[in-house]
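What follows is a set of notes on a single structure, which appears directly below.
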Amino acid sequence: MHQKHILLIDGMALLFRSFFATAISNQFMINRHGNPTNAIQGFLRHSLTAIEQVQPTHVTVCWDMGQQTFRNEVYEQYKANRQAAPIELIPQFDLVKEIAAHFSFANIGVSGYEADDCIGTIAQQADEETKISIVSGDKDLLQLLNDHVEVWLVKKGYGEYSRFTHSRFTDEYGITPSQFIDVKGLMGDTSDGYPGVKGIGEKTAFKLIRDHQSIDGIIENLHLLTPSQQKKIEMDMDMLHLSRKLAAIHCEVPLPEIMYNKWSGVPGAVHEVIDLHELKTVRRFLDSYSSFAGSQA
């Protein structure tokens, strides 16, 4: 019996990446219905390429469900700096989930939580005999690494990943994945809109955590820091604790009973969906992979 191996896909991360990869040259791939499909087609190519390499037994796509989450209740400015989605992308949000379901991907999204939280919850609830592979472009997910969870960070193009295991992370960064939350608390995250401690950058944040193990350890040993570091942390103490809270993936999301679908290959019925929405790039992609072509019957 094969080991259960769940592939968790960060849907919105791949959808946005796919959209902007082609939107820069105005290639929105508008079909005969007047609907742009560039993000959807890129998302499917990313997902199917990952499936080809990971060879999972089950596949789930986790989605953000709107901009407002519990983190906005904690910090009003959380992700407030992000621009509204381009008009050509908006109609693809609902359609991509519909099409993903036709490909036998489970769609998971819970209002008030981010896709990262759903991914973290599924990964944490899995038993130690289950292998988890996460595909995303978001380094925040590295905090989830353990002996049975790995993270594949998408690089430029299709099929290129920076694949992190627990051992690779600890070897490269000199901290544990859970300590990465404290690093983010110190340095903040400009893309998510929380500042951490002003004046503490990535290099210093990693060093402080390596030296003192945690934010609590740093605070207990403030007298050992440079005068400049002491002052910065003392002035931003409240924001430091808040930033750490915002950086931590919430792994207790109330998920639906069915969290992932068994992967048995691309269903033959997807050809009708591909033709209906004129997903020509996806069709060419499927035709180029013999493993997918053989599973469509």
Side-chain angles (χ1 to χ4, degrees), residues 1-15 40 43-63 96-110 115-138 141-154 158-169 177 249 251 253-271 273-274 282 285-297:
M1 182 176 180
H2 292 297
Q3 178 188 26
K4 182 185 287 187
H5 187 172
I6 304 170
L7 173 61
L8 299 177
I9 298 171
D10 185 348
M12 209 62 80
L14 298 191
L15 192 71
I40 294 171
F43 161 80
L44 288 171
R45 286 186 63 189
H46 273 301
S47 299
L48 292 168
T49 300
I51 288 170
E52 177 72 8
Q53 294 196 28
V54 174
Q55 293 291 303
T57 60
H58 298 76
V59 178
T60 293
V61 187
C62 293
W63 300 97
V96 70
K97 296 171 189 173
E98 177 186 327
I99 294 175
H102 284 289
F103 273 79
S104 293
F105 304 159
N107 288 307
I108 298 290
V110 179
D116 287 5
D117 301 317
C118 295
I119 289 171
T121 302
I122 295 172
Q124 191 171 89
Q125 288 184 6
D127 60 63
E128 293 184 359
E129 300 302 315
T130 298
K131 186 173 182 179
I132 303 286
S133 294
I134 300 167
V135 172
S136 178
D138 188 353
L141 289 160
L142 293 174
Q143 66 186 262
L144 299 175
L145 290 166
N146 60 37
D147 289 340
H148 67 276
V149 175
E150 57 185 29
V151 176
W152 297 42
L153 295 177
V154 179
Y158 295 96
E160 295 293 324
Y161 305 95
S162 184
R163 183 177 175 182
F164 278 90
T165 60
H166 183 277
S167 59
R168 178 191 167 184
F169 181 88
I249 292 174
C251 295
V253 177
L255 295 175
E257 185 175 342
I258 299 176
M259 293 186 290
Y260 34 80
N261 283 353
K262 186 174 178 58
W263 176 254
S264 301
V266 176
V270 300
H271 288 292
V273 177
I274 289 171
V282 176
F285 178 81
L286 288 175
D287 290 343
S288 69
Y289 275 84
S290 58
S291 59
F292 289 140
S295 66
Q296 295 167 37

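Values in this document were obtained by computation on a predicted structure and should not be read as measured data.
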Heavy-atom pair with the smallest gap, counting every atom of Ala126 and Ile132: CB-CD1, 3.9 Å
Interatomic distance, Arg168 atom CZ to His166 atom NE2 [nearest 0.5 angstrom]: 14.0 Å
Side-chain (Glu129) to main-chain (Gln3) donor-acceptor, under 3.5 angstrom: no
Heavy-atom check, side chain of Val253 versus side chain of Ile108, under 4.5 Å: no
Spatial distance of atom CG (Leu8) from atom OH (Tyr260) [nearest 0.5 Å]: 9.5 Å
Under the side chain to side chain donor-acceptor pair (under 3.5 Å) test, residues paired with Thr130 that sit two or more places apart: Asp127
Sub-4.5 Å side-chain heavy-atom contact between Asn146 and Pro177: no
4.5 Å side-chain heavy-atom contact, Val151 and Ser136: no
Within 45° cone and under 6.0 Å: Arg163 NZ/CZ vs Tyr161 ring: no
Partners passing side chain to side chain contact (heavy atoms under 4.5 Å, CB included) against Glu160 (at least two apart in sequence or in another chain): Lys155
Nearest non-hydrogen partners of Ile122 and Leu255, listed with the distance: CG1-CD1, 3.4 Å
Side-chain heavy atoms of Leu48 within contact of Tyr158, under 4.5 Å: no
Side chain to side chain contact (heavy atoms under 4.5 Å, CB included) involving Thr57 - partner list, sequence neighbours excluded: Lys4, His5
Where Leu153 and Asp138 come nearest, the two heavy atoms and their spacing: CD2-O, 3.6 Å
Set of residues satisfying side chain to side chain contact (heavy atoms under 4.5 Å, CB included) with respect to Asn107, sequence neighbours excluded: Val61, Trp63, Lys97, Ala100, Ala101
Set of salt bridge (Lys or Arg N to Asp or Glu O under 4.0 Å) partners for Asp10, sequence neighbours left out: none
Side chains of Phe103 and Val266 in contact at under 4.5 Å (non-hydrogen atoms): yes
Residues Glu150 and Ser133: side-chain donor-acceptor under 3.5 angstrom: yes
Euclidean distance, Thr165 OG1 relative to His148 NE2, rounded to 0.5 Å: 14.0 Å
Non-neighbouring partners of Gln124 that pass side chain to side chain contact (heavy atoms under 4.5 Å, CB included), sequence neighbours left out: Cys251
Euclidean distance, Met259 CE relative to Cys118 SG, rounded to 0.5 Å: 11.0 Å
Value rounded to 0.5 Å, distance of CD1 in Ile119 from CG in Leu141: 5.0 Å
Flag if over 12 foreign heavy atoms under 6.0 Å of CZ, Phe169: yes
Phe285 and Thr49, any side-chain heavy atoms less than 4.5 Å apart: yes
Spatial distance of atom CG (Leu14) from atom CD1 (Ile40) [nearest 0.5 Å]: 13.5 Å
Side-chain heavy atoms of Phe105 within contact of Ile51, under 4.5 Å: yes
